[in-house]
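Since the structure comes first, as structure tokens, the remarks are kept for the end.
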Amino acid sequence: MRLFSNAVVRTFAPQAASSAPDSNTPASIASDPSESNTDKVPDPTSTPTFDLTQAAPDAILVDGETIVAIGTRAELLDIAAAESSTTAALASAGGVGATTVIPGLEIDEIDCSGQVILPGFVDGHIHSILYADSLTDLDLSQTKSLPEAVAAIRERADSLPVGTWVVGSGWDLNKWEDPSYPDRELLDAEVPDHPVAMWSLDLHTLWVNAHALEIAGIDEATPDPSGGSFVRDDDGQLTGLVREDATDLVARFIPEPSREDQVERLVTTQELFLSQGLTGIHDFDGIAATLGWNDLHAAGRQDMRVTLFLRSPEVPWAIETAWHTGDGDDWLQCGGLKLFSDGALGSHTSHMSSAFPAIDGEDENFGVVQMTEDELFDQAHIATEAGISVAIHAIGDQANHHVLAVYDRLRETTKAAEEKFGRPLRHRVEHAQFIQPADVARFAELGVLASMQPRHCISDLHLLHLIDESAQLAAYAWPDLLDAGAHVVFGSDGPVEHANPFAAIYAAMTRADITGDASTTFQPHRRLSAVEAIRLHTQGPAFAAGLEDRRGYLAPGMDADFIVVDTDPCAAEGLNVDHLSVAAAERDGLLGYDSEEALFAHAEAIRDTRVALTVVGGEVKYRA
């Protein structure tokens with residue numbers, strides 16, 4: 001057994017969890033530690049309440065991978081003693097994370113040094129392979145102009161053997177001094193001796209030089225593929241910009257690391273995720289991620305829980321190998337199928353009902369339809385009949401409208417598949433950034449999950465002028481969806497955004513620039529409290545994966561996945577503790593704080609949270 005003590009335990013147990021502990025109670029102990037929560041599953045849309053006038057539990061007792069009890073240290077030592085039929089005195093321990101073996105009890109005590117225990121965070125949408133790439137590839141996210149970006153590419157090329165691919169990401173023309181599209185002219189002049197491929201910040205546009213196009217066999221006669229395009233100038237010449245599905249025709253020529261190297265890159269990425277408080281991820285990198293995590297798992301080096309998602313070309317293989325959503329073990333789980341309806345806001349390829357403002361004399365642009373409604377339905381129908389849930393990327397309001405229509409058409413098929421395979425198939429919309437007002441309630445009506453990324457809201461502040469205000473769209477409308485009764489899942493979309501979930505909580509609380517500039521706030525009435533945002537990072541992904549009876553909050557019988565941090569998200573100066581859970585009618589933008597200054601002070605403290613310990617399956621997987 002392990003005893004994590006000298007802590008402030010925030011269980012985040014939903015109100016309806018009759019068997020789950022609540023911070024209203026000074027001690028929460030399972031009368032039968034073997035009792036499971038599987039027949040007492042709470043409503044995952046309910047928000048936990050906290051009575052901060054009562055002392056929070058200060059310890060968690062773990063046996064193997066499961067939480068046995070939550071309460072005071074003395075109470076949990078009594079439980080441990082009863083389990084071992086003996087008593088013992090505790091030796092002293094010092095320093096956060098210090099471990100003491102208690103003689104006679106066969107129990108390790110880990111001192112949390114008065115810090116806060118929270119449920120482990122799960123990133124509901126991330127790309128582990130692309131994230132691993134981003135840690136070694138050229139980063140253009142801080143460049144302020146096209147010449148500066150080209151100079152950085154030239155510098156990287158000079159460090160590589162001639163002919164080696166120069167690969168990077170992060171450029172954002174919307175942040176450049178001259179917000180014009182880049183082309184291959186400067187690249188060809190400055191880096192003619194290397195193939196160059198630079199992904200945009202949103203990973204929906206690829207900027208390449210002539211050398212890369214030549215290797216890929218692409219020239220002026222190459223037709224645009226369905227769902228993508230090769231951008232051409234007025235004379236029909238390729239500019240070096242490749243959009244959406246057309247990027248695959250270049251990217252497939254970029255050398256990939258060996259499987260051995262991929263394992264080492266994943267290990268490094270996993271260590272980063274654990275250090276940020278992530279105990280699990282929903283991984284959308286298809287077969288590359290599936291192979292990588294399976295290799296890590298087989299080598300005994302997987303330290304976090306992973307739900308894997310497929311890409312469209314992998315569906316025949318998945319059906320042949322009997323991939324069913326929810327299959328797997330406690331560490332690797334089969335997820336669903338990722339499909340694409342449109343592109344991204346930054347690349348001006350999200351499918352909107354109103355046209356984007358014209359740039360560089362381009363034609364009227366409503367975004368890109370990567371798959372029509374009928375094409376989406378056909379793919380989703382095949383997957384659902386095979387017992388595979390569906391997650392469809394939709395950012396623009398028109399894309400979301402079409403995707404909801406697909407799920408409406410899919411209802412009977414989904415019901416039949418759930419009965420056949422004996423499990424829920426919880427379909428999702430990935431991103432759901434802009435929604436037509438009438439469509440908000442349809443998420444709840446159709447039982448469709450909204451998988452959203454709070455950091456997108458504040459990273460896109462400089463892009464919001466692209467949206468037609470007259471359309472009155474629900475933008476980054478997390479509270480609107482929650483108030484309508486829909487399920488919302490939070491994640492990062494890393495590496496598009498950093499994976500740190502505490503920065504995402506800051507974004508949800510403030511809807512303002514990451515620097516803390518309150519003047520940049522976008523629609524403060526759509527802010528979420530820290531408690532609500534944390535629930536969507538814990539219970540949200542658990543529900544999406546069909547694991548709400550085992551993960552997402554802390555209670556006896558639940559999986560022992562939690563973190564120890566230096567900041568309490570549930571208590572702060574200027575916070576009225578009676579308003580930790582904010583009703584829809586009370587959404588005034590202050591979230592129960594006395595002032596905007598108090599709100600931002602707490603949000604910034606949460607943003608800067610340091611993780612001391614990350615515990616997955618009862619084992620300390622990260623120690624600061």
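Here the structure is a predicted model, which is why all the values come from computation and not from measurement. Quick note: residue numbers are just sequence positions, from 1.
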Identify the two heavy atoms, one from Ala504 and one from Pro454, that lie closest to each other, and give their separation to 0.1 Å. O-CB, 3.3 Å
Check against side chain to side chain contact (heavy atoms under 4.5 Å, CB included), Val122 and Thr279: CA-CA 6 Å; Val122 175; Thr279 57; 4.2 Å; yes
Can you measure from CZ (Phe490) to CG (Leu536) and round to the nearest 0.5 angstrom? 4.5 Å
Relative to the ring of Phe309, is the ring of Phe284 parallel (under 30°), tilted (30 to 60°) or perpendicular (over 60°)? parallel
Mind checking the CG-CD spacing from Asp568 to Gln115? Nearest 0.5 Å is all I need. 11.5 Å
Mind running side chain to side chain contact (heavy atoms under 4.5 Å, CB included) on Leu590 and Glu596 for me, showing each step along the way? CA-CA 6 Å; Leu590 288 182; Glu596 189 91 340; 3.6 Å; yes
Pairing donors with acceptors under 3.5 angstrom, does anything connect the side chains of Ser459 and Glu497? yes
Give a yes or no on whether a salt bridge exists between Glu148 and Lys175, defined as a side-chain N under 4.0 angstrom from a carboxylate O. no
Val68 side chain reached by Leu76 side chain, heavy atoms, under 4.5 Å: no
Any donor-acceptor N or O pair under 3.5 Å, side chains Asp397, Gln436: yes
Hey, does Met352 have a side-chain heavy atom less than 4.5 Å from the side chain of Asp468? no
For the backbone of Gly396 and the side chain of His431, can you confirm whether one donor and one acceptor N or O come within less than 3.5 Å of each other? no
If you look at every heavy atom in Phe562 and Ile117, which pair is closest and at what distance? CD1-CG2, 3.8 Å
Quick one: does any side-chain atom of Tyr131 pair with a main-chain N or O of Ala499 as donor and acceptor, under 3.5 Å? yes
Check: Pro569 and Ile505 side chains under 4.5 Å, non-hydrogen atoms: no
Looking only at side chains, do Ser128 and Asp285 share a donor and an acceptor under 3.5 Å apart? no
Thr515 and Asp513 side chains, donor-acceptor separation under 3.5 Å: yes
With side chain to side chain contact (heavy atoms under 4.5 Å, CB included) as the test, pick out the partner of Val9 among Val564, Leu554, Val116, Asp58. Leu554
With a sphere of 6.0 Å drawn around NE2 of His462, does it hold more than 12 non-hydrogen atoms of other residues, nucleotides or ligands? yes
Is there a side-chain contact between Leu135 and Thr269, using heavy atoms and a 4.5 Å cut-off? yes
Apply salt bridge (Lys or Arg N to Asp or Glu O under 4.0 Å) to the pair Glu604 and Arg607, showing each step before the final yes or no. CA-CA 5 Å; Glu604 289 176 50; Arg607 176 199 65 194; 3.8 Å; yes
Please confirm whether the backbone N or O of Ala612 pairs with a side-chain atom of Asp566, one donor and one acceptor, at under 3.5 Å? no
Any donor-acceptor pair under 3.5 Å linking the side chain of Glu548 with the backbone of Arg550? no
Spacing of Leu547 atom CG and Gln539 atom CD [to the nearest 0.5 Å]: 13.0 Å
Is the ring centre of Phe502 less than 6.0 Å from the ring centre of Phe121? yes
Test item: Arg305 side-chain N/O and Asp330 main-chain N/O as donor-acceptor pair under 3.5 Å: yes
Using the rule given for side chain to side chain contact (heavy atoms under 4.5 Å, CB included), can you reason through Phe12 versus His537, listing the C-alpha separation, both sets of side-chain angles and the distance that settles it, and then say yes or no? CA-CA 11 Å; Phe12 279 78; His537 259 298; over 6 Å; no
Sub-3.5 Å donor-acceptor pair from the side chain of Arg511 to the main-chain atoms of Pro524, do we have one? no
Any chance you could measure Thr609, atom OG1, to Tyr506, atom OH, to the nearest 0.5 Å? 13.5 Å
So does Leu278 get a backbone contact from the side chain of Asp123, meaning a donor-acceptor N/O pair under 3.5 Å? no
Sequence neighbours left out, what passes side chain to side chain donor-acceptor pair (under 3.5 Å) with His204? Give chain and number order. Glu244
Can you name the one residue among Arg455, Gln453, His456, His393 that meets side-chain hydrogen bond (donor to acceptor under 3.5 Å, both in side chains) with Asp493? His456
Sub-4.5 Å side-chain heavy-atom contact between Leu528 and Leu482: yes
Donor-acceptor pair, side chain of Thr143 and main chain of Leu140, under 3.5 angstrom: yes
Heavy atoms, side chains only, cut-off 4.5 Å: are Cys570 and Val531 in contact? yes
Among Val620, Ile563, Val565, Asp561, which residue satisfies the side chain to side chain contact (heavy atoms under 4.5 Å, CB included) criterion with Thr614? Ile563
Closest non-hydrogen atom pair between Arg428 and Glu430, with its separation: NE-OE2, 2.7 Å
So, does Gln270 use its side chain to make a donor-acceptor pair with the main chain of Asp303 at under 3.5 Å? yes
Report the C-alpha separation of Asn174 and Leu201 in whole Å, then their side-chain angles, then the decisive distance to 0.1 Å, and conclude whether the side chain to side chain contact (heavy atoms under 4.5 Å, CB included) test is met. CA-CA 10 Å; Asn174 304 286; Leu201 179 64; over 6 Å; no
State whether Glu445 and Arg442 are salt-bridged, where the test is any N-O pair (Lys NZ or Arg NE/NH1/NH2 against Asp/Glu carboxylate O) under 4.0 Å. no
Taking all non-hydrogen atoms of both residues into account, name the closest pair between Pro119 and Arg10 and its distance. CD-O, 3.4 Å
Return the CE to NE2 distance between Met452 and His125, rounded to the nearest 0.5 Å. 12.5 Å
Side-chain contact, heavy-atom cut-off 4.5 Å: Thr521 with Arg527? yes
Do the charged groups of Asp559 and Arg551 touch, with an N to O distance under 4.0 Å? yes
Should Asp480 and Arg526 count as an ion pair when the cut-off is N to O under 4.0 Å? yes
Is there side-chain contact between Asp133 and Pro495, with at least one heavy-atom pair below 4.5 Å? no
For His487, which of Phe443, Trp478, Phe543 qualifies under ring-ring contact (aromatic ring centres under 6.0 Å, His included)? Phe543
Spacing of Asp283 atom CG and Ile126 atom CD1 [to the nearest 0.5 Å]: 7.5 Å
For Pro556 and Ala69, the nearest pair of non-hydrogen atoms, with its separation, is CG-CA, 4.2 Å
Can you give me the closest heavy-atom contact between Pro179 and Glu177, atom names plus distance? CD-O, 3.5 Å
